[in-house]
Every structure is written in structure tokens, then in C-alpha cells.
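Input: a single structure, listed below in C-alpha cells.
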There are 2 protein chains.
Amino acid sequence: MDQVEIFKALSNKTRLQILTWLKEPELHFPEQPNADFENVGVCVGQIQIKSGLSQSTISEYLSILQRADLINSTRVGQWTYYKRNKEGLKKLSNIINTEL
Amino acid sequence: MDQVEIFKALSNKTRLQILTWLKEPELHFPEQPNADFENVGVCVGQIQIKSGLSQSTISEYLSILQRADLINSTRVGQWTYYKRNKEGLKKLSNIINTEL
DNA sequence: TTGGTATATCGGGAAAAGTCGATATACATT
DNA sequence: AATGTATATCGACTTTTCCCGATATACCAA
């Protein structure tokens, strides 16, 4: 993954917020039936509601974050759950500490 | 400084390169008469030559990086020297480690 | 298999960023 | 004062990003 693409993914207010929400889902989202925040994350619909932006926009934003390895997804039935990608975030912090 | 603006500053190939160049100036720029890399950094002209982009573009890019607190400048005579801002970079790595 | 719900993809209009050449400003030298 | 050099700012054009509504796809339930 290109470094520029990682920073592009982060250079949008809503996408940054999504990442902060996903860091502590229980603080930002209602309980989910049949899906554990820790295991699978938060479903698109909840993120969309919280963001106030359209469904299509949020779906795209999530895939931008995923392409940047900042989050990853799990499909369960008709739902897609997204959660933080710890490794990707660690890698990013490493880039900043060692290359910039 | 807004977090989004920091990431925007970094979401451009040339600006990222400038930061990596400024991390080890002696590896990327010729010796400068009357100006120490460690003290003041590298002058705009040298950065511009190395980048291959126009003078006006590089001047703007440097001010974008400066507004994001990623570099800072020192004027000496007719030259402006830019160098890395260690504190700003540390703060950024901190944001990633604690907020995202 | 029909209809309902969740998410993804597509097409487009508006706003922002990338990048340039021209010009302005600041400083140094004669 | 006049000229030369380094950098900053301006105006314009092109490309990219933002964000939407409409549509497609995937899955589920009756």
C-alpha cells in the first residue's frame, strides 16, 4: 500500500472520525444483537447513521479506509462489519517515526 | 492545528519526499556554504531543484508543510531554509497511537 | 419466488488540490 | 539608485476529491 494513499485516507474529517469511533465502539454505538464489537466491529448502517452522510458515501469511505489497511471487514449475513486494523495503524506510526 | 490539515499536508508524494529528504539532508543535498543543515535546514532552491517541480509549487508546498507544523523555516539573508519540526512529528505519531 | 433489508457501485455536479507561468517582494551588491 | 538573485504570491487551468441520488447486488424470510 502506497504511503500517500494512507495519508489521503486520513485527510478527511469524517473518515478520521470513523477511526476514532471504531477505537471505542461501545462509547459511540448502540449494542448490536448477534455481533460483538471486539470480534467483528460495527456494521455500516450504524456508522452511516452516526456520520449523517449518505449510505453511498459511507460505504465508499469505508472501502477507502480498508484499502489503506486502516480497517478491515467481516461479512455476516446481510451485514458488513468494520473494525480497526491494529497492524495497519502500527505500521503507519512506524513510518512516521522512522521515515519522516 | 487541525488534524485533517496535517494529513492533507502528507497526502502528496512530493511533500512526503521533502520530509524524507529533510530527515537526512546530507544524503540528499549538496553542501551549503554558510548554512548548516542541522541548524537551519535546506534552502528552498535546493529542494526545488531536487523535486523537479516549479519554484512556485515548491514554495507553496513548503508553506503547507509548515502550516501543519511538520517543518519550520529560518530566513537568512535572501535565503529561506526549512528543516524538520521534530515536535510536530512526534505529536502526529502520538495522535495515531492514542486517538486512532 | 417474491419482497424486504443491507451494502456496493455508478454517474455526475460542486468544491478543493495540483501545478504552472507571471509578477511581486525582499534582500544583497555594485 | 540600479541590477541581480531568492522566495512568495497571484491568476488560471486541469485533475482529484467530496458527496449525492439512483441503481445493482447479496442475502434473508415468507
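Chain naming here is simple, since letters A, B, ... match the order of the sequence lines and numbering starts at 1 in each. None of these values were measured; they are calculated from a predicted model.
- For A:Lys83, the NZ atom is densely surrounded, since the number of other residues' heavy atoms within 6.0 Å is greater than 12.
- Between A:Tyr61 and B:Val44, the residue anchored closer to the 5' end of DNA chain D is B:Val44, taking for each the nucleotide with the nearest heavy atom.
- If you take CZ of A:Arg75 and P of C:dT5, they are 16 Å apart, rounded to a whole angstrom.
- A:Ile18 places its CD1 atom 13 Å from the P atom of C:dT7, with the value rounded to the nearest Å.
- For the pair B:Arg15 and C:dG18, the criterion of a side-chain N or O lying under 4.0 Å from OP1 or OP2 is met.
- Mapping B:Gln78 and A:Ile58 onto DNA chain D by nearest heavy atom places B:Gln78 at the nucleotide closer to the 5' end.
- For the pair A:Ile71 CD1 and C:dT7 C1', the interatomic distance rounds to 13 Å; values are reported in whole Å.
- One finds a side-chain N or O of B:Asn12 lying less than 4.0 angstrom from the OP1 or OP2 phosphate oxygen of C:dT19.
- Test B:Trp21, B:Tyr82, B:Phe37 against B:Val42 for side chain to side chain contact (heavy atoms under 4.5 Å, CB included) and you get one pass: B:Phe37.
- B:Ile47 places its CD1 atom 14 Å from the C1' atom of D:dA8, with the value rounded to the nearest Å.
- The backbone N or O of B:Asp69 lies less than 3.5 Å from a partner atom in the side chain of B:Asn85, making a donor-acceptor pair.
- Per the geometry, CD belonging to A:Gln17 stands 11 Å off P belonging to D:dC19, to the nearest Å.
- Across all strands shown, A:Tyr81 has no heavy atoms under 4.0 Å from either base or sugar-phosphate atoms.
- Heavy-atom nearest nucleotides on DNA chain C were determined for B:Leu53 and for A:Ser59, and the one closer to the 5' end corresponds to A:Ser59.
- More than 12 heavy atoms of other residues, nucleotides or ligands shown are found within 6.0 angstrom of CD on A:Glu26.
- Looking at A:Gln66 and A:Ser73, their side chains do bring a donor and an acceptor atom within 3.5 Å of each other.
- If you take CD of B:Glu60 and C1' of D:dG11, they are 12 Å apart, rounded to a whole angstrom.
- Residue B:Thr57 is in base contact, counting any heavy-atom pair closer than 4.0 Å across all strands shown.
- The CG atom of A:Leu65 sits 12 Å away from the P atom of C:dA8 (whole-angstrom rounding).
- In this model, no side-chain donor or acceptor of B:Ser54 finds a partner on the base of C:dG21 within 3.5 Å.
- Heavy-atom nearest nucleotides on DNA chain C were determined for B:Val76 and for B:Gln55, and the one closer to the 5' end corresponds to B:Gln55.
- Atom CH2 in A:Trp79 sits about 14 Å away from atom P in C:dA8, given to the nearest Å.
- For the pair A:Thr80 and C:dA8, the criterion of a side-chain N or O lying under 4.0 Å from OP1 or OP2 is met.
- The shortest distance between the side-chain N/O atoms of B:Tyr82 and the OP1/OP2 oxygens of D:dA8 is below 4.0 Å.
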